[in-house]
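Contents: one structure, followed by commentary.
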Amino acid sequence: STGAPAGAAPRPATSAVLFWNQQQREAWFSVMDTLFPVHVAKASSAPRPLRAGAPISALAPGGAQAAMLDAFMTEQKVAGLLVLHDGAIRLERYAMGYGPGQKWTSFSVAKSFTSTLVGAAVKDGYIKSLDDPVTKYITAMRGSAYDDVTIRQLLTMTSGVRWNEDYTDPRSDVAMLFSTPPDPGLDATVSYMRKLPREASAGTKWVYKTGETNLIGNLVMEATHKSLAEYLSEKVWSPAGMETDATWIVDLTGHEVGGCCLQASLRDYARFGQFILDGAKVNGRSILPDGWLEAATTNQVTSTDPFRGYGYQWWTEDQGRFMAIGIHGQSIHVDPARKLIIVMNSAWPVATGRDRSIARAQFWRTIESIIDSEGK
């Protein structure tokens, strides 16, 4: 299930991606599913049309802020930018050889997809309650620091289990997770996470942990007896009208990495934002339990990030805005009050950075103010 170049044996995703140089990032973020083994989430046979809206005149060529847009895309290494307003495309720009129909990796934007699959599994009856212990579904975690941790605490990153998410350190947990051979017979994530020590009581401390979203993905697979790609196709990708198959990178044990590395087109990321904005409905009925989206996209915990709160694997902002965010500048920004979705695929030279995060947030505010001033 991979289109690796001839002679290049696909190898499971390792922490090497974190240490690519800028040339590699710009060349390979759009072809990750040819470099690593993946599972495929099938697109819809009847894609949801995205109608063309009135271009945002200030940002159109020759517009008052066209130069600002060009500079932002160049400085932030933006490969794809799409503004969906009231369901219509008002701005769509590509760079760095990326284009419509091509896929770009999500990094941690995938976390918000995985969280949505948890909600679907609750609605479908596979998961009984978010207050169930993780070990009820992942029995191999019994006897570990996760014995007292609930699914809700995983979703909000408040397990209290110690973790290091430093993307620049080859010895950090986030790097070691993807390169440590699993114990025989165990899922790669489970094998790594069951050895971690506790540092705080469950529910008391927020720490951002990709490994725990991988664990959430594992929990969904255990509960549904389906792969994440299969369940994503069934619940979201096909019914929401995605036009391009998505791919999901798998780990050393052949399981999708729930916290990372979904590959999708810019327009399909926008469609996902719209799907969530519209209440995650298929044929008029939500795939999620009543109240799920409200809880998932509002502040559940105080994060240590000064700009944002955290819900169920969604970042939250004031005025009801929420975002899916991944390293190197990936984002789906949803502003329900304005019916606005802004999607970016990027190749930032750093995994995370305060200055770049501020610049992106200011760009979101600029789009909002332009749309407000233009009326419709």
Could you give all pairs that pass the ring-ring contact (aromatic ring centres under 6.0 Å, His included) test and reach [range], with sequence neighbours left out?
range            : value
residues 334-356 : none
residues 49-75   : Phe72-Phe363
residues 286-305 : Trp292-Tyr312

Exercise. Are Leu82 and Met68 connected, step by step, through hydrophobic side chains (Ile, Leu, Val, Met, Phe, Trp, Tyr) whose heavy atoms are closer than 4.5 Å?
Worked result: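 Per the 4.5 Å side-chain linkage, Leu82 and Met68 are co-clustered.
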Exercise. Linking I/L/V/M/F/W/Y whenever their side-chain heavy atoms sit closer than 4.5 Å, directly or via other members, would Val161 and Val207 fall into one cluster?
Worked result: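 Hydrophobic grouping puts Val161 apart from Val207.
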Using a 4.5 Å cut-off on heavy atoms from C-beta on, say whether the side chain of [Y] contacts that of [X].
X      : Y      : answer
Ile216 : Glu212 : no
Phe275 : Val282 : yes
Leu130 : Val118 : yes
Arg25  : Lys77  : no
Gln300 : Thr158 : no
Ile342 : Leu81  : yes
Ile325 : Lys111 : no
Val174 : Leu18  : yes

Do [X] and [Y] get their side chains close enough for a donor-acceptor pair, meaning under 3.5 Å?
X      : Y      : value
Ser159 : Lys209 : yes
Ser57  : Glu374 : yes
Gln313 : Thr213 : yes
Thr210 : Glu165 : yes

What residues, two or more places apart in sequence or in another chain, satisfy side chain to side chain contact (heavy atoms under 4.5 Å, CB included) together with [X]?
X      : answer
Thr180 : Met176, Tyr192
Asp131 : Ser129, Arg152
Asp278 : Arg48, Gln274
Lys42  : Val40, Ser233, Asp245

Residue list, ring-ring contact (aromatic ring centres under 6.0 Å, His included) with [X], at least two apart or on another chain:
X      : result
Phe107 : Phe29, His328
Tyr94  : Tyr98
Trp314 : Phe322

Exercise. From Ile151 CD1 over to Thr156 OG1, what is the distance, rounded to the nearest 0.5 angstrom?
Worked result: 12.0 Å
Exercise. Restricting to pairs with a member in residues 283-298, which pass salt bridge (charged side-chain N to carboxylate O under 4.0 Å, His left out), not counting sequence neighbours?
Worked result: none
Show which side-chain atoms of residues 235-244 pair as donor or acceptor with protein atoms under 3.5 Å away, not counting sequence neighbours.
from	atom 1	to	atom 2	distance (Å)
Lys235	NZ	Asp124	OD1	3.2
Lys235	NZ	Asp124	OD2	3.0
Trp237	NE1	Thr244	O	2.8
Glu243	OE2	Arg271	NH1	3.2

Exercise. Has Lys281 got more than 12 heavy atoms of other residues, nucleotides or ligands less than 6.0 Å from its NZ?
Worked result: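 12 or below, so no.
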Exercise. For atom CZ of Arg142, is the number of surrounding heavy atoms from other residues, nucleotides or ligands below 6.0 Å larger than 12?
Worked result: yes
For this session: In plain terms, say whether Asp372 and Arg338 are close enough for a salt bridge, that is, a side-chain N and a carboxylate O under 4.0 Å apart.
Result: yes
For this session: May I ask you to decide if the ring planes of Trp20 and Phe36 are parallel, tilted or perpendicular, using 30° and 60° as cut-offs?
Result: parallel
For this session: Quick one: do Glu92 and Arg267 satisfy side-chain contact (heavy atoms from CB on, under 4.5 Å)? Show the steps, please.
Result: CA-CA 9 Å; Glu92 184 175 16; Arg267 289 178 184 176; 2.7 Å; yes
